[in-house]
Visitor: 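Quick one: structure below, then a few questions.
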Amino acid sequence: MSSEIIADKKLVKFKWNDQVIEAPEGENLLQAALDNGIEVAHYCYHKGLPIAGVCRMCMVEQTPGPPRPFPSCNAIVAPEIAVRSDTPAVLEAVEWTLQFHLVNHPLDCPVCDQAGECGLQDYYMQHGQYNSAMEDQKVHKKKVQDIGRGVMLDAERCILCTRCTRFTEYVTGTYELGIVGRGDHAEITVHKELENDYAGNLVDICPVGALTSKDFRFKQRVWFLEDVATTCIGCETGCAVNISQNEVGVYRVLPKYDHEVNGHWICDDGRSIYKHVSGAGRLIGPLENKSNLFIPITESATANSLRGNSQKFILSASLTNEDYANFFSAFKGEKDHVALYRLPSMGKEFDGILKRSDKNANTRGAREAFAKAGMDHSETGLQDFLDNLNAQDVIYLVVPEIIYDEDHFMTLLKKINKAGKKVALTTTDNLQALDAFDYLLPLPTFLEKDGHLKNFQNRDRKLSAGRSYGASNRDIAFYANWLN
Amino acid sequence: MTQDASSANYKDYTLLSYHHISDVHKLDIFSKAGGYETMKKCFAMGPETIKEEVKGSGLRGRGGAGFPTGVKWGFFSKDRTQKKYLVCNADESEPGTFKDRYLVEKCPHLLIEGMIISAWALGVDKGYIYIRGEFYHQAKILEEAIQEAYSAGYLGHNICGQDFKFDLYVHRGAGAYICGEETGLLSSLEGKKGQPKLKPPFPAIKGYRGYPTMINNVESLAAIPWIMRFGAPAYKKWGTEKSAGTKLFSISGDVKKPGVIEVPLGIPLREIIEDYCGGVKGGNLKAVIPGGSSAPILTAAESMLATMDYEDIAARGSMLGSGAIIVLNDTRSMGEVLKWTLEFYHHESCGQCTPCREGTGWLDKIFKRAENGHGQASDIDLLDKVAANMRGRTICALADAAAMPTQGMIKAFRGELLTFIEGQGQEERGRKR
């Protein structure tokens, strides 16, 4: 947001402690330091939100400038200034302000989900008074409050940085959160349950353990997690995300700052795209439907039972560009034996923040690949394809990883009933609709492959492979021609 | 005190020159005594002339900070077409202060006249008087006075035939001390929670609803008609070089005649206590809080030497503040005084900035602990350290307002505080046995 405005501003040099750094003139002083890799303690400042200046942690002294330490988040970069964050006055201010932050904080780190990524813990190592002077009764506030949309609030842990209230005020404009009370009895609360589609971000921006995620809390300690930087496949926006995982499973989806696409945020839908990757029902090998019971079967046995018929494919529109390219180069069948199924549009075309109605992560990439291969990607093409199905056909349907509208998907399934054999190429068997298939064959999830998507801006979005939770490494290109 | 309406006393007073006239809160009586005449003359002067005169008078903001009013006006946008606001700060809440209430209650038109002149000088067409919520009676008096001024054509469109429009509204606060801080006041006026705003930008640049806003104290604005009538040099004859003019002092506590007086700045504190207030009541002088509850306390010896001007009181480590003199005799416990002071600031901290939110509560708790019998000698140093680390670290001066009297009290009465904190404990422990 701010860097757009100052993009054409000239870069100036100034001093931060003993280091000379460069930043656009007029840029936020604290942000300039952070952008240059300098660590500055701060809680209330967040690049994506307006300045509050209340945590009083990012104190600096400046020459020429005010005669005493002041918060760098409310100052701007000017040429030739000399900023110091290491003077005795600044260090004392930071140390004491941290002490003030902890005066009424419960210090329940052992049972707090934020432990390991908590601002209080981090700066305590650097600025803490190791012997607290506080020996009085702490103020008690409401704990374990479910404030809606999977967000839990513990008002005692809150340091009242107001990031969350500013988020609901300036980003979503829904104003559910506010502060009631004054002084050390002030606390964050909701006047109605959270009802915006971006509530998960509140948990991310909370610098302490006051707002935690119901979905994630108590599942895993953050120091046991590793992040995979990839792209969300929830809709055509293609938000940059970090997905936390370890050898046991995948635990959460966090936004990753991307100036061009999603800025600091992701929507709540995007936060649940990980669930099928390592969850119950993850398909790790071929299954055969025996009277609605799926029994493991070998790949060769599956192949044998499908041979001799014409193999037809319906691809989803959330595969990678590379998937399509590899598939079409391997596919040797008739041109009208491949069609494209797109998930139906949902909601407003654009909700004004991030969400878009096209729930297919790669509509543009799919259409380009189909066109390049001389295939028909249109709705009518799919209709003709379905009309021409007959009992001699084996139909392979690539099941989209994220299905928002199962009813719509069921109508598609009804239309492929004419086919002799029905095979689902899928990442999960945990879907009622799959009972309609004769075989389920495994595919890698979006988190287990490298590749690219084309988002609504026609921008390439990168998928990166993390750990693999499915035994099979088959992709759709393998099935394109696997019986010959 | 019924006197003739033509007997306004300009010789001895600037602010209280009308106050001895009965019913001077009415427009006709105020006018008969010469009210609104200065305003009419001001319309013939250019705005810049008025601003120069105010600057030349050396008038300093009477709300407590003492920033020169003319200089503050100088920061204000000169563009007369721009949307701007004039706000009168009548949220008089500093414990010990009751001068603005007296001004508004007896002579509301003096404030209104001052505001019209200021609005003309500053090129503002809309003004608010933000009055403390508890001043219900005074707000009503102001409302009535404003209605009279509208009827007389002094407010509204084409004031006195000039191409000048000025609307004035009264806005009552809801009882928060912090709304007397000028940006806290603006937040409250905007309908938000009364929390001070981060500076810069200052209100003169970006204030009420984001537009340039000039905020002045009641007493500052009420001094303007006199200054414009008799000129800056006449005003400067009173007071000292750096503290020009006269000032209202509200005196309370252990004096025989408490109340509001108007005296030239620089007057010895001793003279105020002994001559104006009839001396100390109920004992000998022990200490004086010279500028409202946030000002560090002066010992009796210091008080007897002090003169009431910004420089002298500052040199003694305290501040003139709003001119609220609280006199304490030797029966008063300094521990009690500080305890109540700290409880007040704990209650009034808006909770925005961490050092103040947690610090004011902590200071209060240390004292409460003593009350429950768990005081210890080291608490004095702890109080001092906590207070020292609250100062200058927050958006507004409330943290300082709690820290300064704490540190001042420790400096002046350490021994007594120690006895208080430890003594309370012994008494309590004794009872438990």
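Order of the sequence lines fixes the chain letters, A, B, ..., with proteins taken first and strands second; residue numbering starts at 1 for each chain. Keep in mind it's a predicted model, so treat the numbers as computed, not measured.
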Visitor: Report the C-alpha separation of B:Q352 and A:R56 in whole Å, then their side-chain angles, then the decisive distance to 0.1 Å, and conclude whether the side-chain contact (heavy atoms from CB on, under 4.5 Å) test is met.
Guide: CA-CA 10 Å; B:Q352 196 175 198; A:R56 316 307 283 182; over 6 Å; no
Visitor: Between B:K199 and chain A, which part of the residue has a heavy atom less than 4.5 Å away: side chain, backbone, both or neither?
Guide: backbone
Visitor: Tell me which of these, A:C44, A:P69, A:A93, has more heavy-atom pairs under 4.5 Å with chain B than the rest.
Guide: A:A93
Visitor: Below 4.5 Å from any heavy atom of chain B, which atoms of A:M57 appear? Answer side chain, backbone, both or neither.
Guide: neither
Visitor: How far apart are the C-alpha atoms of B:R393 and A:F100, what are their side-chain angles, what is the distance that settles it, and do they pass the side-chain contact (heavy atoms from CB on, under 4.5 Å) test?
Guide: CA-CA 12 Å; B:R393 305 248 167 98; A:F100 283 127; 5.7 Å; no
Visitor: Tell me whether the count of non-hydrogen atoms from other residues, nucleotides or ligands lying under 6.0 Å of CZ in B:R414 goes above 12.
Guide: yes
Visitor: So which of A:P71, A:G53, A:G178 has the biggest tally of heavy-atom pairs under 4.5 Å with chain B?
Guide: A:G53
Visitor: Is A:Q137 in contact with chain B via its backbone, its side chain, both, or neither, using a 4.5 Å heavy-atom distance?
Guide: backbone
Visitor: Are there more than 12 heavy atoms of other residues, nucleotides or ligands under 6.0 Å from atom CZ of B:F67?
Guide: yes
Visitor: Just give me the residue among B:S378, B:A176, B:G194, B:P200 that pairs up with chain A most often, heavy atom to heavy atom, under 4.5 Å.
Guide: B:P200
Visitor: What part of B:I366 is in contact with chain A, defined as an atom under 4.5 angstrom from a non-hydrogen atom: side chain, backbone, both or neither?
Guide: both
Visitor: For atom CD of A:E39, decide whether the heavy atoms of other residues, nucleotides or ligands shown that lie under 6.0 angstrom number more than 12.
Guide: no
Visitor: Pick from B:Q376, B:H374, B:K365: which one makes a side chain to side chain contact (heavy atoms under 4.5 Å, CB included) with A:E135?
Guide: B:Q376
Visitor: List the steps, then state whether side-chain contact (heavy atoms from CB on, under 4.5 Å) holds for A:H101 with B:E358.
Guide: CA-CA 7 Å; A:H101 272 106; B:E358 308 294 347; over 6 Å; no
Visitor: Name the member of A:T162, A:L102, A:V139, A:V103 that forms the most heavy-atom pairs with chain B at distances under 4.5 Å.
Guide: A:V103
Visitor: Locate the shortest heavy-atom distance separating A:V180 from B:K193; write the atom from each residue and the value.
Guide: C-NZ, 4.2 Å
Visitor: Need one label for B:Q195: side chain, backbone, both or neither, based on atoms under 4.5 Å from any heavy atom in chain A.
Guide: neither
Visitor: Taking it one step at a time, do A:R182 and B:H347 satisfy side-chain contact (heavy atoms from CB on, under 4.5 Å)?
Guide: CA-CA 7 Å; A:R182 291 191 307 197; B:H347 187 253; 3.4 Å; yes
Visitor: Looking at every heavy atom in both A:D184 and B:G361, which two are closest together, and how far apart are they?
Guide: OD2-CA, 3.3 Å
Visitor: Name the region of A:A52, side chain, backbone, both or neither, that has any atom closer than 4.5 Å to a heavy atom of chain B.
Guide: backbone
Visitor: May I ask you to check whether over 12 heavy atoms, not counting those of A:K143, lie within 6.0 Å of atom NZ?
Guide: yes
Visitor: Of B:T354, B:L198, B:I395, which is the lone residue that meets side chain to side chain contact (heavy atoms under 4.5 Å, CB included) with A:V54?
Guide: B:I395
Visitor: Which atoms of A:I179 come close to chain B, meaning under 4.5 Å heavy atom to heavy atom: side chain ones, backbone ones, both, or neither?
Guide: both
Visitor: Can you give me the closest heavy-atom contact between B:G351 and A:L160, atom names plus distance?
Guide: O-CD1, 4.4 Å
Visitor: Of the listed residues (B:L382, B:I178, B:V386), which shares the most heavy-atom pairs with chain A below a 4.5 Å separation?
Guide: B:V386
Visitor: For B:K411, does the NZ atom sit with more than 12 other heavy atoms under 6.0 Å from it, leaving out its own atoms?
Guide: no
Visitor: Evaluate whether atom NZ of A:K138 has more than 12 neighbouring non-hydrogen atoms of other residues, nucleotides or ligands under 6.0 angstrom away.
Guide: yes
Visitor: How far does CG of B:D379 sit from CG of A:D136, to the nearest 0.5 angstrom?
Guide: 7.5 Å
